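Take a look at the structure set out below.
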Amino acid sequence: MKVIDKRSLAEILEDYISELTLEELESLIEIPPPEFNYTYAFPCFKLSKFQKKAPNLIAQELKDKIKIPEFIESLTVDGPYLNFIINSKTILQNIFELKNDYGRSREISGNPNKLRIVIEYPSPNTNKPLHFGHVRNMVLGKSLSNLLEYKKHDVFQVNLNNNRGIHICKSMLAYKKWGHNKKPDKKSDHFVGDYYVLYGEKAKDNDDLDKEAHELLKLWEKGDQDTRDLWNKMNKWAIEGFKITYNKFGIKFHEEYFESELYLKGKKKIFEGLKKGLFEETEDGAIIARLKGKYNLEDKILIRSDGTSIYITQDIYLAYKKKEDFNYDRSIYIVGDPQIQHFKWLFAILDMLGFKEDNYHLSYGMISLPSGKMKSREGIVVDADDVIEEVENLAHKEVNKRYPELDNEEKKKRAEIIGLAAVIFYLLKYNPVKGFVFKPDESISFEGETGPYIQYCYARIVSIISKSEKKITKDINWDLLSHEKEKFLIKQLVYFPEIIDASEKTYNIHLIPQYLLNLCQAFNSFYTFCQVISDNKDLEKARLLLIHCVQIVIKTGLNILGIETLDKM
RNA sequence: GGACCUAUAGCCUAGCCUGGAUAGGGCGUCGGACUUCUAAUCCGAAAGUCGCAGGUUCGAAUCCUGCUAGGUCCGCCA
C-alpha cells in the first residue's frame, strides 16, 4: 500500500527542488480545474523567482529530470504547469484493501498527533423544545465528533444544560398558574415549552407576571422545596424530551453538566486572580477584568458588586472542570455566532488566570425565518422535531410512490433514514459561518445537492453489485478503465483522504458534503455512459471494482456526517 | 461611537486561509434522454461588472486600504 496524496508528490519533488521545503511544496500542489485530466498539478511560478527563469522552462526541465515512480501514470508539461496523473491501479487497490480506513491512510496504525478533545454542544435551555438552530448545532457537533474520532482522536462529547434562571421560572410560573398539575400529554419538552409560550402570551397584558417570575426565581435560589420540586419535575420533562431528539441523531454525551450545579462556582478562581492582582475591584465592590490593552477587548465584570457571580463565571469554572474531568488537549465549544464576544472574553480571562489551554469556539451563523428571527417566547420557531417529522413524511410519500407494495414498516424505516439524511446534509453542506433563511416549504429537497442524492448513488451501486454474478477482486485488467468518465471518477476517489484531512484540520465539515457531491456527480455521469454489467466479463470485473471503491468512500463519508446508507431506495 | 462577520447569474451556494490554467455546483427557466445495471438520475442551452473604488503583483473572487449595504456583538442578562 502506497499512500497517495499531495505529500507523496511533494516527496518526489523535494529531491529536485532545493529552494522549497516539503511543506511548501505540498501546499503549492493543486487540484487542476475539472476539464483537465490530471490528478494534480505543480505550478512553477514560485520557482521562477528563485531561479530567474521562465516558469515554462523550469517545468520542462523538471519533467526531464524527474524519475517517475510506479504510482504515477504520467507526468506532462503544460506551459508553467507540471501535471501528474496517478495510476488507477494504485488508487483502487488502496481503497479495496483499506476499506473504511482509506480516508485515514496515514493514521491506520494510530494518529501520531492524537489529541484528547472535548466538544461541548448543544447546551440548550430547559424551558422549551429544541428548534432548528439546535439541529444545526447538533449536526455540527456530532459530525465533528465523528470526524475527529475517525481520525483516531479521543473525543468527549459534553452538554451543558442551562436549567436555571428567569426564563426557566417563566415556564414554571405559567405551569403553576394554569397547568393544573397536568402530566405531559405530548413529547415532554414540547409540553414544557407550551407553558413558556403561554407565559409570553399572558405577560403581554399583565405586567405583574414578570415580578412574580422574579419572586419565583428568588424562592428557587433560597431552595424553597415546592419550587425546587416543580423545577425538578419540569426540567426532567424537558431533558427527557431532548433525549429522544438526541437519539435521532445518534448523540450520546460522556458528561452532562448542569448550570444549576455550576453557577455559584468559579468565584474562587476569580478571587485567586484578584489576589494575584490580575483583576481589579471597582469602587462599588464589583470585580472587573481589564482587557483593553493586551486583549483589545472591552473590560468585563466577573463578580457583581453584590458579590454574586454572572454567566461567564460559571464558564470559567466549567473550563477547569472539563480539564479535570477529561484532561483534554483541546476544548471545542459549538455555540452560535451571537456569542463570539462572550468566548473572546472567556478565553482572554482564562489566559489571564494562567489557564493556557487550547480553547476553540466553533461558531456558526443563525438560522432565521422569512419573517425574521426566531422568537421562542412567541412560539415563532421552526421546531426541530416538527421539521424532522415533516421531512420524514415527505420521504415516506416518495418511498410509497416508488414501492407501493412494500410493507409499511420498511417504508417507514427508509423514510426515516432518507428524511434525516436530507436534514443533516442540508445543514452541513454550507460553510458554517453563513447564516441563512429557512423556508420550510422549499428548503429541504430530495433532488439536486442533497443527502438523498448521495444515498441514491449508493443504492444504485449496491443494486448493480447484487445483480452481477461476479466476485469483486483487485485483479483486473487495468487497461480497460480507460473511458473518460471512468478516469474522472477515479480522480475524485484520489482526493478523499485529503478532504478528510483538511476538514479535520480546519473544522470545515462542509468540505465533506461538497466532496461527496462531486464524487456522486462523477458517478452518476459514469453510470449513464458506462454499463457495468456486460458480456465483456473483464470489463464488468473492472467496473465492479471501481464502483465498489466508490461505494466504500460514499459510505465512509456519509457515516462521518451521521448519515446512514440504504441498499434500496 | 467601537469590534467582528457577510456580499459570487432570478434564487441558493463552492472557491478566499496558502493569489495561478476558461469562477465550479444546485434550484428555477428552456431543449433533450426511461423496451437497456433504480429518471430521487443524466445530457445540452441561456444566465456572472465575483458589492463599489483604489493599491500590491508577471497574475487578484482570493492579499492590503477606503467606501457601501446587510447582520451580529459591545449588560453588574443568559
Side-chain angles (χ1 to χ4, degrees), chain A residues 24 26-28 30 32-36 38 41 43-46 48-49 54-55 78-81 83 125 162 164-168 259 263 282 284-288 296-298 300-312 314-315 336-342 344-345 363 365-366 368 373 395 398-399 401-402 418 422 429-431 433-437 439 442-443 445-457 459-468 506 508 510-511 513-514 517-518 520-521 523-534 540 543 547 568-569:
Chain A
E24 287 168 329
E26 189 181 343
S27 76
L28 279 176
E30 55 190 62
E35 60 270 23
F36 293 96
Y38 318 118
C44 298
F45 304 100
K46 281 260 152 42
S48 82
K49 282 222 168 73
D78 189 346
Y81 289 90
N83 292 311
N125 294 337
N162 294 293
R164 63 156 288 281
I166 189 66
H167 52 295
I168 306 291
E259 189 188 358
Y263 83 112
T282 63
D284 51 5
I287 298 174
I288 190 167
N296 196 26
L297 292 170
E298 293 295 310
K300 180 68 185 162
I301 294 282
L302 302 174
I303 305 274
R304 292 190 189 94
S305 46
D306 66 2
T308 57
S309 42
I310 60 170
Y311 185 70
I312 200 160
Q314 76 157 357
D315 260 341
D337 61 18
Q339 297 209 46
I340 288 174
Q341 174 77 355
H342 169 78
K344 281 186 181 166
W345 272 327
S363 75
M366 294 287 99
S368 56
K373 281 190 195 175
E398 294 293 322
V399 172
K401 211 157 70 186
R402 291 170 177 79
I418 294 165
K429 74 175 169 179
Y430 301 125
N431 191 326
V433 305
K434 299 204 178 186
F436 59 88
V437 179
K439 296 169 190 156
E442 38 185 290
S443 282
S445 153
F446 300 144
E447 284 169 23
E449 299 178 322
T450 65
Y453 175 89
I454 312 290
Q455 289 175 315
Y456 181 67
C457 201
R460 278 181 145 181
I461 294 170
V462 172
S463 172
I464 297 169
I465 290 174
S466 66
K467 278 204 173 119
S468 168
T506 61
N508 280 324
H510 72 288
L511 298 177
Q514 295 291 341
L517 287 170
N518 287 337
C520 289
Q521 276 161 1
F523 172 79
N524 277 326
S525 188
F526 156 86
Y527 181 92
T528 30
F529 286 90
C530 304
Q531 174 83 16
V532 174
I533 294 171
S534 153
E540 181 172 334
R543 288 182 169 166
I547 65 170
K568 283 185 180 153
M569 69 178 279

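Being a predicted model, the structure only gives us computed values, none of them experimental. Just so you know, these numbers use all the heavy atoms, side chains as well, and skip hydrogens, waters and symmetry mates. Letters go in sequence order (proteins before strands), and every chain restarts at 1.
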Checklist entry - How does protein contact run along nucleotides 69-78 of chain B, one letter per nucleotide 5' to 3', with B for base contact, S for sugar-phosphate only, - for none, heavy atoms under 4.0 Å? => result ---SSS-BSB

Checklist entry - Taking a pair as Watson-Crick or G-U wobble with both distances under 3.5 Å, which nucleotide is matched to C58(B)? => result G20(B)

Item to check | Nucleotide opposite A45(B) in a Watson-Crick or G-U pair, distances under 3.5 Å | outcome: U29(B)

Item to check | Options A14(B), U38(B), C42(B), nucleotide nearest the side-chain atoms of Lys434(A) | outcome: A14(B)

Next on the checklist: Whether the side chain of Asn83(A) and the base of A21(B) hold a donor-acceptor pair under 3.5 Å is what I'd like checked.
Outcome noted: yes

Next on the checklist: Nearest whole Å is fine: how far is C5(B) C1' from Met366(A) CE?
Outcome noted: 12 Å

Next on the checklist: Restricting to salt bridge (charged side-chain N to carboxylate O under 4.0 Å, His left out), what partner residues turn up for Lys401(A), sequence neighbours left out?
Outcome noted: Glu398(A)

Checklist entry - Any side-chain N or O of Arg402(A) less than 4.0 Å from the OP1 or OP2 oxygen of A40(B)? => result yes

Next on the checklist: Whether Ser445(A) contacts A40(B) is assessed here as follows: a side-chain N or O lying under 4.0 Å from the phosphate OP1 or OP2. Is that the case?
Outcome noted: no

Checklist entry - How far does the C1' atom of A60(B) sit from the matching atom of U18(B), given to the nearest Å? => result 14 Å

Checklist outcome for this item: Lys467(A) has its side chain closest, among C42(B), A40(B), U38(B), to U38(B)

Checklist entry - Within this structure, what is the CG-to-C1' distance between Leu517(A) and C12(B), rounded to whole angstrom? => result 13 Å

Next on the checklist: Assess, by modelled atom type and distance only, whether the side chains of Asp315(A) and His342(A) contain a donor and an acceptor separated by less than 3.5 Å.
Outcome noted: yes

Checklist entry - With no hydrogens and no angle check, do the side chains of Asn524(A) and Tyr456(A) hold a donor and an acceptor under 3.5 Å apart? => result no

